[in-house]
Amino acid sequence: MAKDFSTREDNYSKWYNDIVQRAGLAEASAVRGCMVIKPYGYAIWEKMQAALDKMFKDTGHSNAYFPLFIPKSFFSREADHVEGFAKECAVVTHYRLKNAPDGKGVVVDNDARLEEELVIRPTSETIIWDTYRQWIQSYRDLPILVNQWANVVRWEMRTRMFLRTAEFLWQEGHTAHATKEEAIEETYRMLDIYADFAENHMAIPVLKGFKSENERFAGAVDTVCIEALMQDGKALQAGTSHFLGQNFAKAFDVKFASKEGSLEYVWATSWGVSTRLAGALIMAHSDDHGLVLPPKLAPVQAVIVPIYKNGDEYDLVCNKARELKENLENHGILVKLDDRDTHKPGWKFNEYEFKGVPVRLAIGPRDVKNGTVEVARRDTLQKEVIAIDQAGKAVGSLLTEIQKGLYERALAFREANTHTADSWEVFNQLLDKKGGFILAHWDGTAETEQKIKEETKATIRCIPFDGNKESGKCVYTGKPSGQRVVFARAY
RNA sequence: CGGGGUGUAGCGUAGCCCGGUUAGCGCGCCUGCUUUGGGAGCAGGAGGUCGCAAGUUCGAAUCUUGCCACCCCGACCA
């Protein structure tokens, strides 16, 4: 085990922070609540972006960019929206600094107060719908399928690396449609893309479902989400897709002339995932040896560590290692050859283990002589020696196997930590002992959900799409219920 | 914003209660030699506004007051 490193058992949140820091993903910044995403962490985000961006484009979406600043008055156009975000908005009030009268540094110039304050976007629905009004006159202008990659700011009281920071990176899709049906279809289409991405790229199984009224996006008619389970038994909302109805169209007066000649309000969706996904990735797969990355999102899929005693051996081994690297690259594998002489092999082993590189290849004089290479997989920590001329093919299929294995391991964990509760007593026991997802009946009221939250800190993560429609009694009030919902304590 | 805690080299810390050498140690860093199949060893070396500001004192990392930052627990959080 790594020195100076916490275990999940010992201290889960310290373990998480240690991974973020020691794997070089991110670090705290000079600004409270904001983090610096370091090159290795950003490389993972770029791989996520690349995969998602392709999925968006493949479904007809285009990227665009809207301003960081939003006129304050825009927020009050939609009542629920302003209600939901008002408490966490950063506001720009001035546009100029001046030298301090006492000569020490600079101060805000009070003569440079903005006529209307600007809110730093916590999300962009308002400015986008204000813009869409200009873009839409006729049904021929629809649909508009736009996505934006951007940073947003939500002034959070308590922050955690990746999971909740004051500023974070995300994508937000904003679509406009002529019909309700089409908008609803889009809402589900994008949720399916998120679920596909989570399961096939991140190797994290997710539940799809509706948010309850309490958890719904401010301004949405319906919010659907994907929910993942972390190793400590807490749930994490990994992505959301909103059917906005005509709420924003009405708030920003966006109408179109239909084929029939009538003037109608436009139907809308919005959907997003953020750098929070990196947090999900860490907590879903990593172990007490450090980060574990699924091959599809690993910036380096295989690392080659040469082993040698002197200059002659170094040349011999590294020449072979370069051949090996080329071989792997020809199989489409992202390979790094670490031929630095400044660190010992043992040090490198630990380093790459900590950084979650899926496959490690060690090659020394013995291997050169025997035509072999040692292959170690990060997920199971198993090692084996294989023929070096088979390495390209072998590592390729090993990466596929690791990707699949991580998903299956996460799925098995979720299944082992999903329970049903039919009484308040069992509900509480499950929460205290195991956490995880709890399937329980709920009377459908916001009041009951609120009370459950106050008493147990558990919330309704989602009302699952695939939940069977068995009827039962609310676990809290005993009132009739038509379907089990998913409860959990959540990030 | 409430309750508690912590600020000493890049990181982790001792010293503080009870003021008094040149602020000590580990990791890391630099140089050299020996090493290299799971975090190397030895020798030498560099690196400090003791969070910031004021005060008490002959003298402050140490005592007093104020401020700032961070951490934990609450509150808050689609």
Rounded to whole Å, please give me the gap between CG in A/L361 and P in B/G37. 17 Å

Selected nucleotide, minimal atom distance to A/D367 side chain, candidates B/C1, B/G38, B/G37: B/G37

Mind calculating the distance between CG (A/N310) and P (B/C33) to the nearest angstrom? 15 Å

Distance, rounded to the nearest Å, where A/N350 contributes CG and B/U36 contributes P: 18 Å

Identify which nucleotide among B/U36, B/C1, B/C77 has an atom closest to any side-chain atom of A/M157, counting heavy atoms from C-beta outward. B/C1

Does the side chain of A/K344 get closer than 4.0 angstrom to OP1 or OP2 of B/A40 through an N or O atom? yes

Applying the Watson-Crick and G-U wobble criteria at under 3.5 Å, what pairs with B/G55? Answer none if nothing qualifies. B/C63

As its Watson-Crick or G-U partner within any shown strand, both distances under 3.5 Å, B/A46 has none

In whole Å, what is the span from the NZ atom of A/K453 to the P atom of B/C76? 7 Å

Mind checking the P distance from B/A60 to B/A43? Whole angstroms is fine. 38 Å

Under 4.0 Å between a side-chain N/O of A/K87 and OP1 or OP2 of B/C77, yes or no? yes

Say you pick atom P in B/G15 and the same atom in B/C76; how far apart are they, in whole Å? 40 Å

Rounded to whole Å, the CD-C1' distance (A/E374 to B/G38) equals 9 Å

Is B/G7 paired to anything, Watson-Crick or G-U wobble with both distances less than 3.5 Å, and if yes, which nucleotide? B/C68

Between B/C77 (P) and A/R276 (CZ): distance, integer Å: 14 Å

Tell whether A/K383 reaches the base of B/G38 with its side chain through a donor-acceptor pair below 3.5 angstrom. yes

So does A/R189 pair up with A/E185, basic N to acidic O under 4.0 Å? yes

Rounded to whole Å, please give me the gap between CD in A/Q21 and P in B/G28. 16 Å

Please round to the nearest 0.5 Å and tell me the distance separating atom CG of A/L68 and atom CG of A/L118. 9.5 Å

Under 4.0 Å between any heavy atoms, over every strand shown, what does A/E353 touch: base, sugar-phosphate, or nothing? Just pick one. base

From B/U36, B/G39, B/A75, pick the nucleotide closest to the side chain of A/R158? B/A75

The nucleotide from B/G38, B/G37, B/U36 with an atom nearest the side chain of A/K309 is B/U36

Take atom C1' in B/G74 and the same atom in B/C16, then report the distance between them in whole Å. 31 Å

With nearest nucleotides of RNA chain B determined for A/G346 and A/S13 from heavy-atom distances, which residue corresponds to the more 5′ nucleotide? A/G346

Which value, in whole Å, describes the distance between the P atoms of nucleotides B/U57 and B/U62? 16 Å

Counting heavy atoms from C-beta on, name the nucleotide in B/G37, B/C77, B/G38 closest to the side chain of A/I307. B/G37

Does any nucleotide pair with B/A40 by Watson-Crick or G-U wobble geometry, both distances under 3.5 Å, and what is it? B/U34

Base paired to B/C77 (Watson-Crick or G-U; both N/O distances under 3.5 angstrom): none

Does a side-chain heavy-atom distance below 4.5 Å link A/L25 with A/Y40? yes

Which part of the nucleic acid, if any, lies within contact of A/Y314, taking any heavy atom under 4.0 Å across all strands shown: a base, the sugar-phosphate backbone alone, or nothing? nothing

A/K457 side chain, from C-beta outward: closest of B/G39, B/U36, B/G74: B/G74

So A/R360, base contact, sugar-phosphate only, or nothing? Heavy-atom distance under 4.0 Å. base

Where do A/V273 and A/A238 come nearest, in terms of heavy atoms and distance? CG1-O, 3.5 Å

B/C17 pairs with which nucleotide, Watson-Crick or G-U wobble, both distances below 3.5 Å? none

How far does the C1' atom of B/G28 sit from the matching atom of B/G45, given to the nearest Å? 14 Å

Please give the distance between the P atoms of B/G39 and B/U21 as a whole number of Å. 43 Å

Which comes earlier along RNA chain B counting from the 5' end, the contact point of A/T123 or that of A/G311, where each point is its nearest nucleotide? A/G311

Minimum heavy-atom separation for A/D80 to A/G219, with atom names? CB-N, 3.7 Å

OG of A/S124 to OH of A/Y65: how many Å apart, nearest 0.5 Å? 8.0 Å

Can you check the A/R489 CZ to B/C77 P distance for me, whole Å? 18 Å

If the C1' atom of B/C11 is compared with that of B/C68, how far apart are they to the nearest Å? 22 Å

Nearest atoms (heavy-atom pairs only) where A/L361 meets A/A302: CD1-CB, 4.4 Å

Closest to the A/D341 side chain: B/C1, B/U36, B/G38? B/U36

Within-4.5 Å side-chain heavy-atom neighbours: A/R378 and A/I402: no

Using the C1' atoms only, state how far B/G41 lies from B/C17, rounded to an integer number of Å. 41 Å

Is the shortest side-chain N/O distance from A/R22 to OP1 or OP2 of B/C11 below 4.0 Å? no

